[in-house]
Amino acid sequence: MQKLSSIHGSLLGHLMADALGSTFEGITPEYLHDQFAGPAEVFERALARSSLRYTDDGQMLLVLAEYLTQNTTIDATSLMHSFTQAYEPWRGYGRGARALIEAFRDEADYEFMAVHLFPGGSLGNGGAMRSSPIGLRFVDNFERIWAEAKTSAWPTHRHELGIEGAQLIAAATSLAQTESSLSAARLSELLLPLCKTVVFQKRLKLLATITNADEIAQFGNGIEAHESVVTALACFALFPDNYRDAISHALWQAGDTDTIGAMTGALVGARIGPNFAQDLPTEKLEDGQPFLDYVEDLANRLFVASSSPLGT
Ligand code: RVK
Ligand code: MG
Ligand code: MG
């Protein structure tokens, strides 16, 4: 039985970790590890910022979550229309995503660019960073989650790795809500049969073997889906019930900290609900209480949509 608190926790967990992670985005592990004593200290530094803004990760997440409150299935073109309407370049989008949104907006050669901007299309983590609402909306229906996650990535990500990264985060978000006991081995066991690419299969097999946080770094910290999605799965699987620890370790990876943080936050939040925020300064997010009220209202609307018979 899906809970409203899972949806609220996941959205808030993603937005908060995206904003916290943006503090260190692009930094090298060497520099970060030289400047801070450990993951907890990095987390505290991010929390100490006077204001917290979500980035493109949060922006595209909110668009997709809103879309899923109003539509029973995703249409790639109309979703791209929604991304374009909500586009705020100052939030810091991926190079390809920016070019595609602007091409779509300006009625330029968007379709050709989506296929050819990068070899085989984009394999960036932009599809994965926004796909968790699909696991909230279609919880426990893996066939549906896999298909809708592909369509949700399609407007900007045509490469099989960009798509499968989105599918894995959406499926993991569903598992975060339903599996009573989660570990790296269990998460790997449940996700592996869904996975079609050898690249992700290899990484998921490796995920099954990890038992401590020193082993997270092997999964990468890059902007590519295969260099960040399993990293977030590892942070979640090692600390599935502890937001602070999971996000601290996500940030400790350096590199694409906002996105690894956001994906991890969506998963832990889906599992434990929004109470993790009680000792965190969420009022620093955007314009404070009005924004927090908006997120709660969005969670309510997504819950109503997921509970409708047409939603599954
Ligand atoms: C700025 C080789 C490829 C590739 C391919 C590389 C925001 C490119 C968020 C590209 C996330 C980058 C992130 C990101 C999300 C993609 N071969 N390299 N086939 N496909 N790349 O541009 O939405 O931070 O270097 O599609 O996935 O916080 O620029 O954008 O960290 O991956 O950007 O892919 O990015 P894009 P995105
Ligand atoms: Mg970002
Ligand atoms: Mg990022």
Side-chain angles (χ1 to χ4, degrees), residues 13-29 32 46 49 52-64 76 79-80 82-84 86-104 110-132 149-150 152-170 197 199-200 219-232 235 247 250-266 285-286:
H14 179 292
L15 292 159
M16 187 71 182
D18 174 19
L20 293 171
S22 69
T23 317
F24 304 106
E25 192 179 3
I27 212 166
T28 66
L32 190 73
R49 290 176 67 185
L52 294 168
R53 294 263 169 193
Y54 62 79
T55 75
D56 59 323
D57 305 50
Q59 179 72 320
M60 295 187 105
L61 176 96
L62 292 173
V63 170
L64 181 54
L79 179 60
M80 187 59 175
S82 299
F83 287 142
T84 304
Y87 182 48
E88 289 178 323
W90 61 268
R91 299 228 184 236
Y93 287 68
R95 184 161 56 93
R98 210 172 54 227
L100 288 173
I101 290 172
E102 290 176 7
F104 188 88
Y110 156 74
E111 192 56 38
F112 180 86
M113 284 170 66
V115 178
H116 297 289
L117 196 60
F118 301 111
S122 175
L123 48 69
N125 55 20
M129 76 188 183
R130 64 183 183 239
S131 69
S132 47
K150 177 175 181 174
S152 76
W154 194 253
T156 47
H157 293 72
R158 303 286 169 101
H159 194 287
E160 61 179 1
L161 293 176
I163 292 168
E164 196 153 77
Q167 291 169 318
L168 285 168
I169 291 294
T197 68
V199 173
F200 273 116
F219 299 111
N221 66 358
I223 201 167
E224 303 85 2
H226 57 292
E227 289 290 319
S228 49
V229 164
V230 185
T231 318
C235 294
I247 303 305
L251 305 193
W252 189 242
Q253 304 311 309
D256 196 359
T257 44
D258 64 329
T259 304
I260 297 169
M263 294 187 292
T264 306
L285 264 176
E286 300 292 313

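Start at 1 and go down the list; that is how both ligands and their atoms are numbered. Note that the structure is predicted; figures quoted are calculated from it, not measured.
For ligand 1, the polar-atom distance check against P119 finds a nitrogen or oxygen pair separated by under 3.5 Å. Considering backbone and side-chain atoms alike, D57 places an N or O below 3.5 Å from some N or O of ligand 1. Between Y93 and ligand 1, a contact under 3.5 Å exists for no N or O pair. Checking only distances, T55 never comes within under 3.5 Å of ligand 1, N or O to N or O. Between L123 and ligand 1, at least one pair of N/O atoms sits closer than 3.5 Å. Inclusion of T156 in the set of residues having an N or O under 3.5 Å from an N or O of ligand 1 is not warranted. For ligand 1, the polar-atom distance check against S122 finds a nitrogen or oxygen pair separated by under 3.5 Å. An N or O contact shorter than 3.5 Å links G126 to ligand 1 by distance.
In this structure, R98 does not count as a contact residue of ligand 1, since none of its heavy atoms falls inside 4.0 Å of the ligand. Contact analysis puts G121 in contact with ligand 1, with a non-hydrogen atom separation below 4.0 angstrom. Not close to ligand 1: G120, with no non-hydrogen atom less than 4.0 angstrom away. Contact annotation: M60 has no heavy atom less than 4.0 Å from any atom of ligand 1.
With 2.8 Å as the limit, D18 does not count as an N, O or S neighbour of the Mg ion (ligand 2). In summary, D256 places no N/O/S atom under 2.8 Å from the Mg ion (ligand 2), failing the contact criterion.
Close contacts of ligand 1 with G92, meaning ligand atoms under 4.0 Å from a residue heavy atom, involve 1 (C), 7 (C), 24 (O). Near D258, with a cut-off below 4.0 Å to any heavy atom, the atoms of ligand 1 are 28 (O). Annotation for ligand 1: atoms under 4.0 Å from non-hydrogen atoms of T259 are 9 (C), 11 (C), 28 (O), 31 (O). Of all atoms in ligand 1, listed by their number and element, those nearer than 4.0 Å to a heavy atom of E25 are 1 (C), 24 (O), 28 (O).
Here the closest heavy-atom approach between residue G220 and residue T231 is recorded as O-OG1, 2.8 Å. The two residues I260 and A232 have their closest heavy-atom pair at O-CB, 3.9 Å. Shown here for A153 and A166, the closest heavy-atom pair between the two residues is CB-CB, 4.0 Å.
We find the OG1-CD1 distance between T264 and I169 to be 7.5 Å, quoted to the nearest 0.5 Å. In this structure, CD on E227 lies 10.0 Å from CG on L123, to the nearest 0.5 angstrom. Interatomic distance, OH of Y87 versus CG of L100, reported as 10.0 Å (0.5 Å rounding). Residue M113 holds its CE atom at 11.5 Å from CZ of R158, rounded to the nearest 0.5 Å.
We find that E25 and R53 are not joined by a salt bridge, their nearest charged nitrogen and carboxylate oxygen being 4.0 Å or further apart.
Within 4.0 Å of atom 2 (C) of ligand 1, not a single protein heavy atom is present.
The protein atom (non-hydrogen) at minimum distance from atom 22 (O) of ligand 1 is G96 N, 2.5 Å. Nearest to atom 10 (C) of ligand 1 among the protein's heavy atoms is F118 CZ, 3.5 Å. At the top of the distance list for atom 31 (O) of ligand 1, counting protein heavy atoms only, stands D256 OD2, 2.6 Å. Ranking protein heavy atoms by distance to atom 25 (O) of ligand 1, first place goes to R95 NH2, 3.8 Å. Ranking protein heavy atoms by distance to atom 12 (C) of ligand 1, first place goes to I223 CG2, 3.7 Å. In terms of protein heavy-atom proximity, atom 35 (O) of ligand 1 is nearest to G94 CA, 3.7 Å. Looking only at protein heavy atoms, the nearest one to atom 15 (C) of ligand 1 is N125 OD1, 3.2 Å.
In this structure a side-chain-to-backbone donor-acceptor pair under 3.5 Å is missing from S122 to H157. The main-chain N or O of D258 is never found under 3.5 Å from a side-chain atom of S22 such that the two would form a donor-acceptor pair. A donor-acceptor pair is defined here as one N or O able to donate and one able to accept, closer than 3.5 Å; such a pair exists between the side chain of H14 and the backbone of M129. Side-chain atoms of D18 come within 3.5 Å of backbone N or O of T55 as a donor-acceptor pair. At least one donor-acceptor pair closer than 3.5 Å links the side chain of Y110 to the backbone N or O of P155. When atom types are taken as modelled, the side chain of Q59 and the backbone of Y54 share no donor-acceptor pair closer than 3.5 angstrom.
Of the candidates L168, L161, I163, L161 is the only one forming a side chain to side chain contact (heavy atoms under 4.5 Å, CB included) with T197. The one candidate from D56, D57, L62, T156 that meets the side chain to side chain contact (heavy atoms under 4.5 Å, CB included) condition with R130 is T156.
Within D57, the N, O or S atom at minimum distance from the Mg ion (ligand 2) carries the name OD1. The minimum distance between the Mg ion (ligand 2) and any N, O or S atom of D56 involves atom OD1.
The shortest distance between side-chain heavy atoms of F118 and R95 falls below 4.5 Å.
A side-chain donor-acceptor contact under 3.5 Å links N125 and S228.
Angle OD1(D258) to the Mg ion (ligand 3) to OG1(T259), rounded to 10°: 100°.
At a heavy-atom cutoff of 4.0 Å, ligand 1 is contacted by the side chain of H157 but not by its backbone. Contacts of D56 with ligand 1, taken as heavy-atom pairs under 4.0 Å, involve the side chain alone.
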